[in-house]
Amino acid sequence: MSGAELCKVISNSSSSDEFQSDQIGVELYQRRALRGLIVIALDVDLRSATDLGVGVRWRWHCSNVKFKYYSRKSLLQLISNNNTIVTPHVKQEWSRPATYFTFTINHLTSHLFRKRSCTMVPTTSSSFTLHTSFSTIIPLYHSFLLDQFGVIHNGSEALHGAVNCIEAMLRENKKLAILSNTSSPSHVALGRLSKYGLRADMFAGGLVSSGGECIKHVRETYGSSREETKALWFTWNESEKQSPLQFLECCETERSRISIAESVSEADFILLHGSEVWRRAKDLNGDTSSTGMVQDLNFMYNQDFSTIDPILAEASKRNLPMLCANPDLIVALQGGIVGNMPGQIAQRYESMGGTVTQFGKPNPRHFIACLENLGVSTENTKHVSGVAHVGDSLEHDIAGANSAGIDSVFVLGGIHARDLGLMPTSSGEIGINVLEDGDERIDASTSNSITKTELMEKLNRLFAAKHVVPTHVVPSLSL
C-alpha cells in the first residue's frame, strides 16, 4: 500500500479535505500493509493511552508501521534544521486544534509521502526504536533524567561505559538529573556518586530520590504536631550503603520528633524504609543482636512473608497508614542474586486492606519534581518535549515516564535482562551485543549477544506482557 493509495483511501472515506488519526487507524488495521514511518503533526501534544484513544488501539495491530508524533513547534524546528523528516511546505498551513490530531489531506498527499527518504526509516516496531548505542539518542534531547541502579551502577561499581556516556552528554551541553527510587535522602545518595567516578556538579538537576520525597511528606504530615508520633519501622541493616538513623533524623523537625514503636499497638503509622529488618529503637548502642530491638524479617533474600504477615495483619486491623519510601519490587544484585524490595511489602499490605502511600517512580509527581529542578516547564501536562528518562524497570521507569508525558529509554542490561535471556550489564568490558541478522555470534560463553530479530521478538512479548512500551530501547548507558 503506497502513500498515494493510503491518501486515496482516506479521501474516499472523508467528506471533507481533513481526516483524523482514527480514520487512518481503521484503514491500517484492515489493510496492515503499509511499512515505514508516518509523521503526524499535532497542534496539541497527546501521549497517554486515554488521550490517544482509538489511535493507541490500532497502533498495536500495525507491526510494520512506526508512528512519530510532533508538536507543531518541535516539528517546525526539525524542519528548519534539516529536511529529513518532511518537506518545508508543511509550514504553510495547519489544521485547527482538536482533541484528535488533524492534518490537511493536501499536505499529506503532496509532502508526507513524496520521497522514500523522507518517510521510510529502518524500523523495528510500531511503538519503539531499537538502538545499539546511546550515542544515537543523545542528539534527540536537551535533558536526561537518569535512573541509578541498573543504569549507572550496581551498588558497588559503575556499569560498563556509564561514566564515559555521562561525560559525553555533558560535552554536548545536555542537562542531567538523577531520578532514583532509593530510600536514602537525596543529599546522601548524591554524595555517594564519587564512589562511581562521578561528581555531584555533573547533575544540574541534582538527585531526586523516593526517600527524599517520603521525608518531605513525613515532615509535612507529622512535623507540626507537638504530640509524640510513633512509627512502626521496617528498614535496612546499618551498613556502609545504608544509614537508617540518618534517614529518620531527616524526617524530624525542630517541633516534632519521630519515636519508634516497639509494638504494633503503640504505632501511629508504618514507615516502610527498607525490607531487611523491623527496628524497634533508634539508638542500638552498637548492639543489634542481644537487645532484641532489631528483628530480621527473613524477606530480602528469601521472599518469606511468614514474619511480616502477622505484623501487617495486626496493623491493618488498626488501620495504620503505611508510607513506602522505596516502591521497587526487586533489585538485581551482584552474583545474580535477586533482592526483594519494600514495594512487595507495600503490595502485601494493600492486599490486606491497608492504606499505602508510595513515593518515587512510577508516580508522575516524582518526575515533575525532577523536571522542576532542571528548570523544565511542566505546563504541558500531556507531553514534555526535549526530555527523556533512562531506566531499566518497565513498571517504574518506563510506566512512570509514560504517565508523566516524558519520552523513555529502556535499558536492556538491568532488572529485565534475564527476562530476555541476557545477562545484566556488569562493570566489565563486555556488555550486551546486538548483532545484525546473519552475523556470526561471538562465542556464547564469553559474550552477551543476540540478533536484532530475536531481540525484537522477545521485546514485543515482554512489553505486551507488562502492558508498557518505551520510546527507545538501548543495551546500556554506553556509547
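- Residues Ser186 and Leu207 share a closest heavy-atom pair of CB-O, 3.2 Å.
- Between His153 and Tyr196, the ring planes are parallel. Angles under 30° get that label, and only those over 60° would be called perpendicular.
- The side chain to side chain donor-acceptor pair (under 3.5 Å) with Lys361 is formed by just one residue from the set Asp397, Asp328, Asn181; it is Asp397.
- With a 4.5 Å cut-off on side-chain heavy atoms, Ile152 and Ile166 count as touching.
- Listed for the Thr235 side chain is no donor-acceptor partner under 3.5 Å among the backbone atoms of Gly274.
- With Ser316 contributing its side chain and Leu312 its backbone, the two residues share no donor-acceptor pair below 3.5 Å.
- Put simply, CG on Leu232 and CG on Leu323 are 11.5 Å apart, with the number rounded to the nearest 0.5 Å.
- Residues Leu272 and Val356 have side chains not in contact (no heavy-atom distance under 4.5 Å, counting atoms from C-beta outward).
- Of the possible polar contacts, one joining the Lys282 side chain to the Ile258 backbone as a donor-acceptor pair under 3.5 Å is found.
- A distance of 12.5 Å separates CG of Leu459 from NZ of Lys452, quoted to the nearest 0.5 Å.
- When all heavy atoms of Cys214 and Leu271 are compared, the pair lying nearest together is SG-CD1, 4.1 Å.
- Using a distance-only test at 3.5 Å, with no hydrogens or angles considered, a donor-acceptor pair links the side chain of Ser275 to the main chain of Asn340.
- For Glu213, the side chain to side chain contact (heavy atoms under 4.5 Å, CB included) partners at least two apart in sequence or on another chain are Val208, Lys216, Phe359, His366, Ala369.
- More than 12 heavy atoms of other shown residues, nucleotides or ligands fall within 6.0 angstrom of atom NZ in Lys195.
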- Message: Would Phe128 and Ile398 count as a side chain to side chain contact (heavy atoms under 4.5 Å, CB included) here? Give the steps.
- Response: CA-CA 12 Å; Phe128 62 92; Ile398 308 307; over 6 Å; no
- Message: ring-ring contact (aromatic ring centres under 6.0 Å, His included) for Phe144 and Phe134? Distances and angles first, verdict last.
- Response: CA-CA 12 Å; Phe144 291 91; Phe134 203 85; 5.7 Å; yes
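- Contact of the Met341 side chain with the Met300 side chain is registered, since non-hydrogen atoms from C-beta on lie closer than 4.5 Å.
- Judged by distance alone, the side chain of Tyr141 and the main-chain N or O of Asp407 form no donor-acceptor pair under 3.5 Å.
- Residues passing the side-chain hydrogen bond (donor to acceptor under 3.5 Å, both in side chains) test with Asn298, sequence neighbours excluded: Asn302, Asp304.
- With hydrogens and angles disregarded, no donor-acceptor distance shorter than 3.5 Å links the side chain of His160 to the backbone of Ser478.
- Partners of Lys466 by salt bridge (charged side-chain N to carboxylate O under 4.0 Å, His left out), not counting sequence neighbours, listed by chain and number: Glu395.
- Side chains of Leu412 and Ile450 form no contact here, defined as non-hydrogen atoms less than 4.5 Å apart.
- Contact check for Pro185 versus Ile215: side-chain heavy atoms found under the 4.5 Å cut-off.
- Using a distance-only test at 3.5 Å, with no hydrogens or angles considered, a donor-acceptor pair links the side chain of Ser209 to the main chain of Ser184.
- Contact detail for Thr182 and Asn326: the closest heavy-atom pair is CA-ND2, 4.1 Å.
- The side-chain heavy atoms of Gln303 and Ile330, taken from C-beta on, include no pair separated by under 4.5 Å.
- Looking at Asn173 and His142, their side chains never bring a donor and an acceptor atom within 3.5 Å of each other.
- With respect to Glu314 and Arg318, no salt bridge is recorded, no charged nitrogen being found less than 4.0 Å from a carboxylate O.
- Nearest heavy atoms, His187 versus Cys250: CE1-SG, 3.8 Å.
- The closest side-chain heavy-atom distance from Arg348 to Gln344 is not below 4.5 Å.
- Using modelled atom types and a 3.5 Å distance limit, the side chains of Trp236 and Ser183 yield a donor-acceptor pair.
- Considering every non-hydrogen atom in both His389 and Ala401, the closest pair reads CB-CB, 4.1 Å.
- Remark: the backbone N or O of Thr229 is not paired with any side-chain donor or acceptor of Asp268 at under 3.5 angstrom.
- A 4.5 Å side-chain heavy-atom check between Gln347 and Leu329 finds at least one atom pair inside the cut-off.
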- Would you sort out whether Thr355 and Asn319 count as a side chain to side chain contact (heavy atoms under 4.5 Å, CB included), showing the intermediate values? CA-CA 7 Å; Thr355 300; Asn319 295 318; over 6 Å; no
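- Within the model, atoms OG of Ser259 and CD of Glu266 stand 9.0 Å from one another, a figure rounded to the nearest 0.5 Å.
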- Message: Assess the residue pair Lys317 and Val264 against the criterion (side chain to side chain contact (heavy atoms under 4.5 Å, CB included)); give the C-alpha distance rounded to whole Å, side-chain angles, the decisive distance to 0.1 Å, and a yes or no.
- Response: CA-CA 10 Å; Lys317 289 179 181 178; Val264 177; over 6 Å; no
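- The NE2 atom of His396 sits 9.5 Å away from atom OG of Ser210, with the distance rounded to the nearest 0.5 Å.
- The distance from atom CD1 of Ile432 to atom OG1 of Thr132, rounded to the nearest 0.5 Å, is 12.5 Å.
- Between Arg257 and Glu252 there is a salt bridge, since at least one side-chain N of the basic residue sits less than 4.0 Å from a carboxylate O of the acidic one.
- The closest donor-acceptor contact from the side chain of His472 to the backbone of Ile137 lies at 3.5 Å or more, if one exists at all.
- The aromatic rings of Tyr222 and Phe269 lie parallel to each other, with less than 30° between the two planes, well short of the 60° mark.
- Atom CG of residue Leu374 and atom CG of residue Leu176 lie 8.0 Å apart, to the nearest 0.5 angstrom.
- A salt bridge links Glu238 with Arg279; the closest basic N to acidic carboxylate O contact falls under 4.0 Å.
- Between Ala325 and His273, the shortest heavy-atom distance links the atoms CB-CA, 4.2 Å.
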- Task: Begin with the C-alpha distance, continue with both residues' side-chain angles, and end with the deciding distance and a verdict on side chain to side chain contact (heavy atoms under 4.5 Å, CB included) for Asn448 and Thr425.
- Result: CA-CA 9 Å; Asn448 203 9; Thr425 302; over 6 Å; no
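- A donor-acceptor distance shorter than 3.5 angstrom exists from the side chain of Asp392 to the backbone of Ile415, with no hydrogens or angles considered.
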